> 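I'd like to ask some things about the structure below.
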2 protein chains.
Amino acid sequence: MNDFIEKLGTFSEEDIAILEKEVQQHMCAKDTCLLKKGEVCSSVYFVKEGAVYHHTTDKDGNLHVIDVNTTNDWVLNHKSFTSRKPSTYQIQVYEDSELYELSITSIHKLIALSPSFLQMGKLLEVVTSRLRFFDGNYTADEKYAYILSNKPELLQKFPQMILASYLKMTPETLSRVRKRVS
Amino acid sequence: MNDFIEKLGTFSEEDIAILEKEVQQHMCAKDTCLLKKGEVCSSVYFVKEGAVYHHTTDKDGNLHVIDVNTTNDWVLNHKSFTSRKPSTYQIQVYEDSELYELSITSIHKLIALSPSFLQMGKLLEVVTSRLRFFDGNYTADEKYAYILSNKPELLQKFPQMILASYLKMTPETLSRVRKRVS
DNA sequence: ACATACACTTGATTAAGATCAAGAACGTAA
DNA sequence: TTACGTTCTTGATCTTAATCAAGTGTATGT
């Protein structure tokens with residue numbers, strides 16, 4: 001649990017003690033749903049080991065992958081979490097994973113006990129900000145190269161279909177990009 | 001000033017009286033800068049009449065239009081405003097405009113005087129959320145059709161170059177789309 | 001009225017990626 | 001082992017929009 005707490009911020013010994021009481025540890029099987037479409041996001045997860053993806057399916061049955069997380073990543077729908085409005089997509093475990101969970105009620109309790117826990121709010125803003133290429137007009141090659149140099153573990157954890165959807169290209173294109181860039 | 005206050009929320013007579021003392025009314029000439037790149041956004045504007053655009057210029061000298069506002073729109077860099085971090089772009093008046101301004105210090109003062117002003121925070125979140133098509137993969141025709149049915153006044157106020165940049169297409173493409181869709 | 005500048009249009013060509021289609025590689029179950 | 005279902009690869013073609021280039025307005029000032 002140390003790496004989890006370290007990533008959360010800097011805390012005193014006492015703070016860590018009360019924090020540890022609030023954190024729940026889970027072993028989640030593949031396909032476990034962490035947040036259903038329509039539910040309000042009320043927990044923050046941290047991936048100790050494993051893989052998680054955020055997705056939705058449109059009326060034509062096409063899968064849209066919104067986000068992907070692996071080891072040492074934070075997992076939450078930040079928009080739903082902060083606005084307390086229903087999530088527009090699902091968060092699901094992609095492979096058997098070990099997760100830490102901190103509920104919103106625990107977070108409120110912690111902040112009431114020690115204001116040093118306020119730093120978590122800032123953190124969650126940062127960790128959930130979207131990757132560069134979702135704003136600008138990047139080519140398929142640039143998007144792949146970005147992942148390759150910034151988060152190559154995604155390429156190992158997820159199959160081409162999921163990655164292609166996440167990168168907004170077809171699996172065929174991703175296959176060709178892969179060959180081209182390597 | 002009534003339409004401005006109405007859009008801000010629902011307030012008592014006394015609230016409106018203290019609010020009106022804080023609002024500054026401006027006549028701004030074309031090209032007046034409301035927020036410079038690098039400054040922290042510290043005011044919210046409301047367009048009584050006119051046109052405003054948010055833009056930046058990259059190292060190759062290309063103009064990138066991030067947002068456009070016309071009559072009855074709110075104007076602010078929400079990210080800079082809430083994070084208190086420097087703006088990455090400029091906000092500028094595009095044609096002579098009549099604007100109302102509410103500074104962040106005024107907002108804090110108002111909230112201290114009456115908690116009913118807290119509703120403004122929610123409002124600003126909503127009004128600054130990006131239009132649908134900036135997430136998904138929409139065609140040039142779809143983007144134009146969306147503006148045409150949801151904010152046609154933009155097409156009157158701004159020249160093709162600005163609109164094309166905002167819609168992430170070339171002016172040539174926008175010209176052809178225009179003919180095609182109409 | 002003329003010149004200059006600027007915005008817009010239109011056409012021809014190019015490039016990126018999607019789509020369609022077929023086959024290869026690999027795992028799992030009978 | 002064979003058979004089936006995936007996932008991934010590869011090729012051929014098509015579509016969208018960018019680029020390049022040459023026009024056509026249209027306003028502004030002299």
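Bear in mind the structure is a predicted one, so any value in this text is a computation, not a measurement.
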> Starting at CD of A:Glu172 and ending at P of C:dC20, how long is that distance when rounded to a whole Å?
10 Å

> Take the protein atom NZ of A:Lys179 and the nucleotide atom P of D:dT10, then report the distance between them rounded to whole Å.
4 Å

> Nearest-Å distance, CG (A:Leu163) to P (D:dT7)?
13 Å

> Starting at atom NZ of A:Lys168, determine the distance to atom P of C:dG17, rounded to an integer number of angstrom.
15 Å

> Side chain to side chain contact (heavy atoms under 4.5 Å, CB included) with B:Gln25: which of B:Glu101, B:Lys48, B:Met1?
B:Met1

> Can you figure out which of D:dT9, D:dA17, D:dC20 approaches the side chain of A:Ser175 most closely?
D:dT9

> A:Arg180 or B:Met161: which one's nearest nucleotide on DNA chain C is closer to the 5' end?
B:Met161

> For A:Glu142 and C:dG17, give me the distance from atom CD to atom C1', rounded to whole Å.
14 Å

> Quick check on C:dT9: is either OP1 or OP2 less than 4.0 Å from any side-chain nitrogen or oxygen of B:Gln160?
yes

> From B:Gln119 CD over to B:Leu124 CG, what is the distance, rounded to the nearest 0.5 angstrom?
11.0 Å

> Does the plane of the ring in A:Phe4 sit parallel, tilted or perpendicular to the ring in A:Trp74? Use 30° and 60° as the thresholds.
tilted

> Nearest-Å distance, CG (A:Leu167) to C1' (C:dA18)?
16 Å

> Using a distance-only test with no angle check, is there a side-chain donor-acceptor pair under 3.5 angstrom linking B:Asn77 and B:His54?
no

> Considering just the side-chain nitrogens and oxygens of A:Thr170, establish if one lies under 4.0 Å of OP1 or OP2 belonging to C:dA18.
yes

> Nearest whole angstrom, please: distance from the P of D:dT10 to the CG of A:Leu174.
13 Å

> Can you tell me how far P of D:dA17 sits from OH of A:Tyr138, to the nearest Å?
21 Å

> Out of D:dC8, D:dA17, C:dA12, which has the shortest distance to the side chain of B:Arg176?
C:dA12

> Which nucleotide in the set C:dA18, C:dA7, D:dT10 lies at the smallest distance from any side-chain heavy atom of B:Pro159?
C:dA7

> Whether B:Thr173 contacts D:dA18 is assessed here as follows: a side-chain N or O lying under 4.0 Å from the phosphate OP1 or OP2. Is that the case?
yes

> If you define the side chain from C-beta out and look only at heavy atoms, does anything of A:Leu34 sit under 4.5 Å from A:Leu99?
yes

